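Computed from a prediction, not measured in an experiment: that's the story for all the values here.
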Amino acid sequence: MAGFELVATLTLVSAATALPTLDDFEARLAANPSATAVLETWCRAHFNPDARVRATVISTSSNSPTSRIRKELSIGADDRLGYRRVSLHCNGRELSLAYNWYVPGRLTAEMNRLLAETDQPFGRVAAPLNYTRERLKGQRGSADYCPASTILTHRALLRLSDGRPLAMVVECYSGAILEP
């Protein structure tokens with residue numbers, strides 16, 4: 001009987017200290033409309049329970065967005081398009097690099113101000129809109145705009161509850177999401 005208790009204890013300890021996996025992370029992304037929320041939950045669970053994801057804005061001007069992006073966002077060539085390229089980090093780790101083309105006219109004035117003036121990630125700012133996430137592409141490794149060191153690339157369309165596209169994102173996840 002004592003041997004059984006020891007085995008049970010070792011099993012519990014092993015499960016509690018298991019390293020995060022890319023499969024676990026991808027499953028969370030698939031189940032949640034907000035990559036920001038997933039990153040924040042992941043960071044708190046694996047790195048620091050008090051951590052908060054921050055966006056360091058790298059650029060707010062896109063090299064002329066493609067007609068494909070405008071079509072996916074259901075906007076014309078003359079419609080205003082917002083853009084942010086950010087590094088999302090938590091607890092001193094760069095977790096992802098994100099490219100985000102969005103339709104400012106589908107956000108509130110306050111949301112547009114927050115995106116322009118703060119380090120708040122798009123997902124947190126736009127969360128009150130209860131958008132959904134449609135994954136268009138996902139692959140292990142680098143693709144699209146991502147650096148060669150990317151371990152996971154996702155391309156997704158965020159939609160408002162009425163079905164209108166809100167944003168197109170390309171997310172480049174770094175190996176830091178798996179580091180203990």
Side-chain angles (χ1 to χ4, degrees), residues 25-26 28-44 51-91 93-139 142-147 149-150 152-174 176-177:
F25 183 75
E26 280 191 284
R28 289 181 190 211
L29 277 177
N32 196 310
S34 171
T36 302
V38 170
L39 284 173
E40 198 145 89
T41 301
W42 187 263
C43 188
R44 287 178 178 168
R52 189 159 173 97
V53 171
R54 296 285 182 206
T56 300
V57 178
I58 298 168
S59 177
T60 57
S61 67
S62 172
N63 305 345
S64 38
T66 65
S67 58
R68 176 177 151 197
I69 289 172
R70 288 185 169 281
K71 183 177 179 181
E72 288 172 327
L73 291 173
S74 299
I75 60 172
D78 296 330
D79 291 322
R80 187 166 165 244
L81 183 64
Y83 174 78
R84 281 175 108 203
R85 181 170 51 132
V86 299
S87 166
L88 294 171
H89 50 89
C90 166
N91 208 40
R93 301 164 188 258
E94 182 182 70
L95 303 178
S96 74
L97 180 64
Y99 300 81
N100 182 346
W101 294 266
Y102 62 94
V103 183
R106 296 179 187 154
L107 296 169
T108 67
E110 179 62 7
M111 289 174 182
N112 281 305
R113 185 193 70 74
L114 289 170
L115 290 172
E117 298 176 7
T118 73
D119 66 352
Q120 297 298 307
F122 184 89
R124 187 178 305 129
V125 170
L129 298 175
N130 295 316
Y131 60 83
T132 59
R133 178 185 175 92
E134 176 185 340
R135 189 174 86 175
L136 302 176
K137 180 181 180 182
Q139 82 173 52
S142 178
D144 296 324
Y145 303 88
C146 298
S149 60
T150 300
L152 177 66
T153 302
H154 271 208
R155 189 167 169 274
L157 187 62
L158 308 181
R159 291 186 181 275
L160 296 169
S161 59
D162 64 7
R164 289 181 301 155
L166 174 63
M168 167 64 60
V169 295
V170 174
E171 301 153 341
C172 314
Y173 296 98
S174 78
I177 63 172

>> Please evaluate residues Leu107 and Val125 with respect to the criterion side chain to side chain contact (heavy atoms under 4.5 Å, CB included), reporting the C-alpha separation (whole Å), side-chain torsions for both, the decisive distance (0.1 Å), and the verdict.
In response: CA-CA 9 Å; Leu107 296 169; Val125 170; 5.9 Å; no

> Roughly how far, to the nearest 0.5 Å, is the CZ atom of Arg135 from the CG atom of Leu157?
Replying inline: 14.0 Å

>> For Lys137 versus Ala143, what's the shortest heavy-atom pair and its separation?
In response: NZ-CB, 3.9 Å

> Looking only at atom types and distance, does a side-chain atom of Tyr99 sit under 3.5 Å from a main-chain N or O of Tyr145, one as donor and one as acceptor?
Replying inline: yes

> Does the side chain of Cys90 come within less than 4.5 Å of Leu39's, by heavy atoms?
Replying inline: no

> How many angstroms lie between atom CG of Leu160 and atom CZ of Arg106, to the nearest 0.5 angstrom?
Replying inline: 7.0 Å

Show every donor-acceptor pair shorter than 3.5 Å between a side-chain atom in residues 72-82 and any protein atom, with sequence neighbours excluded, or say none if there are none.
{"residue": "Glu72", "atom": "OE1", "partner": "Arg155", "partner atom": "NH2", "Å": "2.6"}
{"residue": "Glu72", "atom": "OE2", "partner": "Arg155", "partner atom": "NH2", "Å": "3.0"}
{"residue": "Asp79", "atom": "OD2", "partner": "Gly76", "partner atom": "N", "Å": "2.6"}

>> Once salt bridge (charged side-chain N to carboxylate O under 4.0 Å, His left out) is applied, what residue pairs with a partner in residues 111-127 remain, sequence neighbours excluded?
In response: Glu40-Arg124, Arg54-Asp119, Glu110-Arg113, Arg113-Glu117

>> Would you say that Phe122 contacts Leu166 through its side chain, given a criterion of any heavy-atom pair below 4.5 Å between the two side chains?
In response: yes

> Taking atom NE2 of His154 and atom SG of Cys172, what is their separation to the nearest 0.5 Å?
Replying inline: 11.0 Å

>> I need the minimum non-hydrogen distance between Ala167 and Tyr102, along with the two atoms involved.
In response: CB-CB, 3.8 Å

> Where do Tyr173 and Ala35 come nearest, in terms of heavy atoms and distance?
Replying inline: OH-CB, 3.4 Å

> Would you say Leu115 and Asn100 make side-chain contact, with heavy atoms under 4.5 Å?
Replying inline: no

> How many angstroms lie between OH in Tyr83 and CD1 in Ile69, if you round to the nearest 0.5 Å?
Replying inline: 8.5 Å

> Do Trp42 and Leu95 have side chains that get closer than 4.5 Å, going by heavy atoms?
Replying inline: no

> Any side-chain heavy atom of Pro128 sitting closer than 4.5 Å to one from Met111?
Replying inline: yes

> Within a strict 4.5 Å, meaning less than it, do heavy atoms of the Val38 and Phe25 side chains meet?
Replying inline: yes

>> Distance check, rounded to the nearest 0.5 Å: Leu88 atom CG versus Ile177 atom CD1?
In response: 12.0 Å

>> Whether the side chain of Thr150 engages the backbone of Thr153 through a donor-acceptor N/O pair (distance < 3.5 Å, no angle test) should be reported.
In response: no

> When rounded to the nearest 0.5 angstrom, what is the spacing between OG1 in Thr66 and NZ in Lys71?
Replying inline: 11.0 Å

> Step by step, would you call Arg70 with Met168 a side chain to side chain contact (heavy atoms under 4.5 Å, CB included)?
Replying inline: CA-CA 9 Å; Arg70 288 185 169 281; Met168 167 64 60; over 6 Å; no

> For the side chain of Thr36 and the backbone of Pro121, is there at least one donor-acceptor N/O pair under 3.5 Å apart?
Replying inline: no

>> Any non-hydrogen side-chain atom of Arg85 less than 4.5 Å from a side-chain atom of Leu97?
In response: yes

> Without hydrogens or angle criteria, can the side chains of Ser87 and Glu94 be said to hold a donor-acceptor pair below 3.5 Å?
Replying inline: yes

>> Within the structure provided, determine whether Arg52 and Gln120 are in side-chain contact (heavy-atom separation under 4.5 Å).
In response: yes

